[in-house]
2 protein chains.
Amino acid sequence: MRSASIGDMAQHPSAASTGRIDKRAAILDAAFQVFARDGYANAAVDVIAAAAGVAKPTVYNHFTDKQTLFREALAADAERVLGRNLAVVQRLSDGRGELRARLEDLGVRLIECYADDRSVAVRRLLCAEASTFPEIHSEIREQTGERVVAALADRFAHLVLDGTLRECDPAQAAEQFEALLAGPMEHRSRSGSRKVPAAARRAIAKAAADTFIRAYAR
Amino acid sequence: MRSASIGDMAQHPSAASTGRIDKRAAILDAAFQVFARDGYANAAVDVIAAAAGVAKPTVYNHFTDKQTLFREALAADAERVLGRNLAVVQRLSDGRGELRARLEDLGVRLIECYADDRSVAVRRLLCAEASTFPEIHSEIREQTGERVVAALADRFAHLVLDGTLRECDPAQAAEQFEALLAGPMEHRSRSGSRKVPAAARRAIAKAAADTFIRAYAR
DNA sequence: CATTGATTGAACTCACGGGTTCAATTCGCT
DNA sequence: AGCGAATTGAACCCGTGAGTTCAATCAATG
């Protein structure tokens, strides 16, 4: 038994009684973290195996090669991110309060998703390896960013129908609302690589909601 | 100090009669292209040297190592991109026509810069190697994206003073205007890795100007 | 023309990492 | 207990690429 794997098992609470099961999940998880930290090219399979508390051949037993491992790890995490985003967007329909309050709330929650470490890592990896993995770029991006905006557009379409929003193209409104959130977030995270503080995030959501209402509310 | 750098000062883009001069510029240019195409890790110095029409030791004669070469190549191209963007923003002050027309024009031109191959490559490399080159991330991003938005904010401040825009925070307005351009552009370039057609770009600029005016015009 | 310094090509060192092999071991299950 | 599949560790092969060395060459300057 490797002495290096001491703390590795501790990551997974469910790994207590895990003899040999769900090695696969552990590998995927470790792979994503290492890829996110070192980039695809710099990530060594040996390191991933160690991080997963697993021997290198085991990795190649589950995934044919490094590329496959990368694809699956990225896809898995992208799935989670997508799920959280969609859940947040769905909430908009439940809201019964003021439009402004509902939009601000939505904004804050979307920004939370956007700023999440895993989410940032997914976007970064996607962008970084877009040229070497063209397939992934289209697959994941389309099934993630695309669908979130589509879901948002759907919500907005309802708001147009019930007269809360003026007549407009819901898809465009959704695109722009997302842009009003993501753009300033990007801008903030430039100066200083530190995380954008919660207060600033609330301010961004407020500003986005304000501009959006001015442009789209009836 | 290299005495060879004497010739570097002479910015002779025409390398026709170039015996040994401005090898440096050629290397920087080739380096950027190769880095942009293959990513930092996959880019081989041998290949860069070949692309620049130069021997490998010559590369190491001008730049101590691969990292330095990367930094300088990226910085040089980021400079150009920044210059073009600032020039476009400055134009806004000259405009005498309708606010809408001026904003749409600005938008189209900014999108042009944004969609330019070199510009895309700079952003991609910056994002991709942000974790391995934290310094670059702050240096370039601050002195590029930051300054463009700042220049735009300055223009908007004038428009507030002369009553064209309502009273507002020009910095926020600038951030949002840029977001309304960049966000949808990103969104378009996701589905399909092809370039966003000119018509779609005009539509994005139009939509951005429209939303912006609704939110910020007096 | 000769000196000086940049340039060249080619070969070389060295570290790193993807992927494989294999015998020994362990696990899950009956 | 015992069987088969999965896991392990360790060594190994092999390509690749950063960075260096060196003798030969070239361009310019005095």
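Naming convention: chains lettered A, B, ... in sequence-line order (proteins, then strands); numbering from 1 in each chain. Computed from a predicted structure; not experimentally measured.
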Taking only side-chain nitrogens and oxygens of A:Thr58, does any of them come within less than 4.0 Å of OP1 or OP2 of D:dT8? yes

Which residue lies toward the 5' end of DNA chain C, A:Thr64 or B:Lys56, if each is placed at its nearest nucleotide? B:Lys56

Return whichever of A:Pro57 or B:Ala44 has its heavy-atom-nearest nucleotide of DNA chain D closer to the 5' end. A:Pro57

Rounded to whole Å, CZ of B:Phe63 lies from P of D:dA18 at a distance of 15 Å

Looking at every strand, decide which applies to B:Ala43 at a 4.0 Å heavy-atom threshold: base, sugar-phosphate, or nothing. sugar-phosphate

In whole angstroms, how far is the C1' atom of C:dG28 from the NZ atom of A:Lys23? 13 Å

Indicate whether OP1 or OP2 belonging to D:dA6 is found under 4.0 Å from a side-chain N or O atom of A:His62. no

Is A:Leu152 close to A:Phe177 at the side-chain level, that is, under 4.5 Å between some pair of heavy atoms? yes

From CG of A:Asp65 over to P of C:dG17, roughly how many Å is that when rounded to an integer? 17 Å

Please determine if B:Asp210 and B:Lys206 form a salt bridge, counting it only when a charged side-chain N lies under 4.0 Å from a carboxylate O. no

Under 3.5 Å: donor-acceptor pair, side chain of A:Thr132, backbone of A:Glu129: yes

Atom CG of B:Asp22 to atom C1' of C:dT7: distance rounded to whole Å? 14 Å

In whole angstrom, what separates A:Ile27's CD1 from D:dT7's C1'? 10 Å

B:Asp46 CG to C:dG9 C1', in whole Å, measures 12 Å

Length of the CG-P vector between A:Asn42 and D:dT16, whole Å: 18 Å

From OH of B:Tyr60 over to P of C:dG9, roughly how many Å is that when rounded to an integer? 16 Å

Nearest of D:dA18, C:dA6, C:dT20 to any side-chain atom of B:Asn61? C:dA6

Mind checking whether B:Phe35 and B:Tyr40 have parallel, tilted or perpendicular rings, split at 30° and 60°? parallel

Are any of the side-chain nitrogens in A:Glu186 or B:Arg123 under 4.0 Å away from the carboxylate oxygens of its partner? no

